[in-house]
Amino acid sequence: MDLLFLGTSAGVPTRRRNVSALALIEDQGRGWFLVDCGEATQHQLLRTPLSAADLRAICITHVHGDHCYGLPGLLASAAMSGRSQPLVLVAPQAVADWLAATQALTALHLPFELRFHALEDFAGVSVGAWDIDAFALSHRVPSHAFRFRETRRPQRLDPAALAAAGVPRGPLWGRLHGGEDVLHEGRLLRSADFLQAAHGERRLVVAGDNDAPALLTEACQGAQLLVHEATYAQAQIDKTGQSWGHSSAAGVARFAEAQALPALLLTHFSPRYQAEAGRSPSIDDLRQEAAACYRGNLQLAEDFARFRLDRQGRLKALDQSGGAGAGDRHGIGI
C-alpha cells in the first residue's frame, strides 16, 4: 500500500501545505482510500494520478473544518464525473447531517449510493482487501484513529503441504491454486489445505488530532506504521501551557519508541514551522525533537510526498515517479 499525502498543514493552508488529507493506495493502484478531506482536497487530487472513480472509502477523523471542509466538493465532482459505484463513508454523525443539509440547500444530487457508517457506533467495515476499525482519541471534539488491516491477501500454493500429500506437480496444482477442490485417486483434495498467504498481514494506523498518544496502544499492536499529527514542538507547548488538544513531536515519538513501532510518519504541522531549516521555528525542529526520542524509521510528510508500505511491512519513501530513494527530500530514516 502507498501513502500519498494531499495535505499536511494544521488548521489553515500555507503556500506549501494544504490542510489534512491522506490517500492510501492499494497495491497496483486498483483502488484507494481517503482519510480526511480538508478544503481543496479535490484540487490536490488534480496533481495526482488518482481518480474519484476508483475511490473505495472516505474516513473522516473528526468534524473540524481542516479535516472535512473539502468533502461536499469532492462528492459533487465525483458525481459530475460519472461515478456510479457505491462509496463507503465513515465519519461522525454530524458530518452526515451536514452533508444532508448541503445537498438539500444546494440541490446536490449524488448518482451513487453513499454507504454511511457513524463513528459513534462504528463496529468496523471490510472494503476490498482491508478491514477498517476505529479507536477513540483525545481532542477538543471527539476524534478517532483508523486502523487498516490487510486481512484478505493474495494466496500461493504451499509446496511442503503438496509434497506431504503426494500431489504431483502439474495441472492439479493450478486447479488447487485457483480455489478448486479436486478429486484425485479417490481422495478429495481441498484447495484451502494447500494455500497460504503470499505475505504477512500489513497493519497501519492513521490518527486524527490527539493529545494522548497512549490511547493508541491497542490499535498499534502488530502495526508496522503509525501516521500521527505532530502539530507543535514540546517547547512551544511548555512555553504557552496550551496544546489545543494536539500532540508534540516528542510525545508521539516517545510513544512510538515505547511500542517498538517499526515506522512513524509525522504530519499536520502548525503553519508557524517554516520549511527552511535555517529559519526559526522550522520543520527541522520537529524532526530533531522526534529523532531524539525514537530510533525507528522516522519520516516527516509534506504535500505530495509518497511512501510505500511494502508486502514485508517496511516503509520506504518514494520519489515523484514512484521509485524508492526520496528519503532526503520527504523525510529521514533513522
Side-chain angles (χ1 to χ4, degrees), residues 1-4 22-36 50 53-61 85-91 113-137 144-162 176-181 190-208 215-228 256 259-265 296-297 306-316:
M1 175 175 272
D2 283 8
L3 298 89
L4 176 58
L22 170 60
L24 304 177
I25 309 167
E26 293 181 320
D27 296 337
Q28 289 84 49
R30 289 188 297 267
W32 61 287
F33 305 83
L34 180 64
V35 179
D36 284 335
L50 298 175
D54 301 320
L55 180 57
R56 292 188 182 275
I58 300 174
C59 301
I60 303 296
T61 60
Q85 294 298 311
L87 178 63
V88 171
L89 173 61
V90 184
E113 178 189 359
L114 206 55
R115 295 179 176 170
F116 178 70
H117 299 264
L119 273 170
E120 287 81 357
D121 56 5
F122 183 56
V125 64
S126 297
V127 185
W130 299 83
D131 286 355
I132 307 170
D133 51 7
F135 295 80
L137 302 176
H144 287 77
F146 294 102
R147 180 175 63 182
F148 290 77
R149 296 189 302 123
E150 188 185 22
T151 55
R152 290 164 294 284
R153 290 159 284 163
Q155 300 288 299
R156 65 183 179 190
L157 286 172
D158 182 350
L162 289 162
L176 291 168
H177 185 249
E180 181 183 352
D181 294 340
R190 299 187 182 277
S191 172
D193 295 336
F194 302 101
L195 292 175
Q196 59 184 5
H199 57 83
E201 180 181 293
R202 286 177 288 187
R203 297 187 182 191
L204 63 153
V205 178
V206 182
L215 291 173
L216 288 165
T217 299
E218 178 186 351
C220 287
Q221 291 179 3
Q224 295 96 9
L225 169 65
L226 170 63
V227 180
H228 200 286
Q259 297 299 310
L261 277 163
L264 174 64
L265 230 170
N297 180 2
R306 186 163 179 161
F307 301 86
R308 176 161 298 159
L309 188 65
D310 68 18
R311 291 186 173 181
Q312 287 70 49
R314 300 170 301 199
L315 183 71
K316 302 176 182 178

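All of these numbers come straight from a predicted model, not from anything done at the bench.
- For the side-chain hydrogen bond (donor to acceptor under 3.5 Å, both in side chains) with E150, the lone residue among R202, R311, R203 that qualifies is R202.
- For A118, the side-chain contact (heavy atoms from CB on, under 4.5 Å) test picks out Q93, F116, E120, D121, with sequence neighbours left out.
- Counting heavy atoms of neighbouring residues, nucleotides and ligands inside a 6.0 Å radius, atom CZ of R152 exceeds 12 of them.
- With a 4.5 Å cut-off on side-chain heavy atoms, V88 and I132 do not count as touching.
- Between I25 and R306 there is a side-chain heavy-atom pair separated by less than 4.5 Å.
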Distance-only donor-acceptor hits, side chain of residues 54-61, under 3.5 Å, sequence neighbours excluded:
from, atom 1, to, atom 2, distance (Å)
R56, NE, E26, OE1, 2.8
R56, NE, E26, OE2, 3.2
R56, NH2, E26, OE1, 3.1
T61, OG1, D36, OD1, 3.1
T61, OG1, D36, OD2, 2.9

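- What you find for S126 and D131 is that their closest heavy atoms are OG-OD1, 2.7 Å.
- Annotation for H117 and R115: closest pair CD2-O, 3.4 Å, computed over non-hydrogen atoms.
- Contact detail for L176 and S191: the closest heavy-atom pair is O-OG, 2.6 Å.
- F122 is not listed as a side-chain neighbour of H144, based on a closest heavy-atom distance of 4.5 Å or more.
- The CG atom of L216 lies 8.5 Å from the CZ atom of F135; values are rounded to the nearest 0.5 Å.
- Taking 4.5 Å as the limit, some side-chain heavy atom of V35 sits within range of a side-chain heavy atom of F148.
- Between F146 and F33 the shortest side-chain heavy-atom distance does not fall below 4.5 Å.
- For Q221, there are no side-chain contact (heavy atoms from CB on, under 4.5 Å) partners, not counting sequence neighbours.
- The heavy-atom pair separating L137 from A145 by the smallest distance is CD1-N, 3.6 Å.
- Side chains of L34 and W32 form a contact here, defined as non-hydrogen atoms less than 4.5 Å apart.
- Nearest heavy atoms, P262 versus A223: CD-O, 3.5 Å.
- A donor-acceptor pair under 3.5 Å links the side-chain atoms of Q224 to the main chain of E201, judged by distance alone.
- With values rounded to the nearest 0.5 angstrom, N297 atom CG is found 11.5 Å from L261 atom CG.
- Just one of L264, V206, L204 meets the side-chain contact (heavy atoms from CB on, under 4.5 Å) condition when paired with L226; it is L264.
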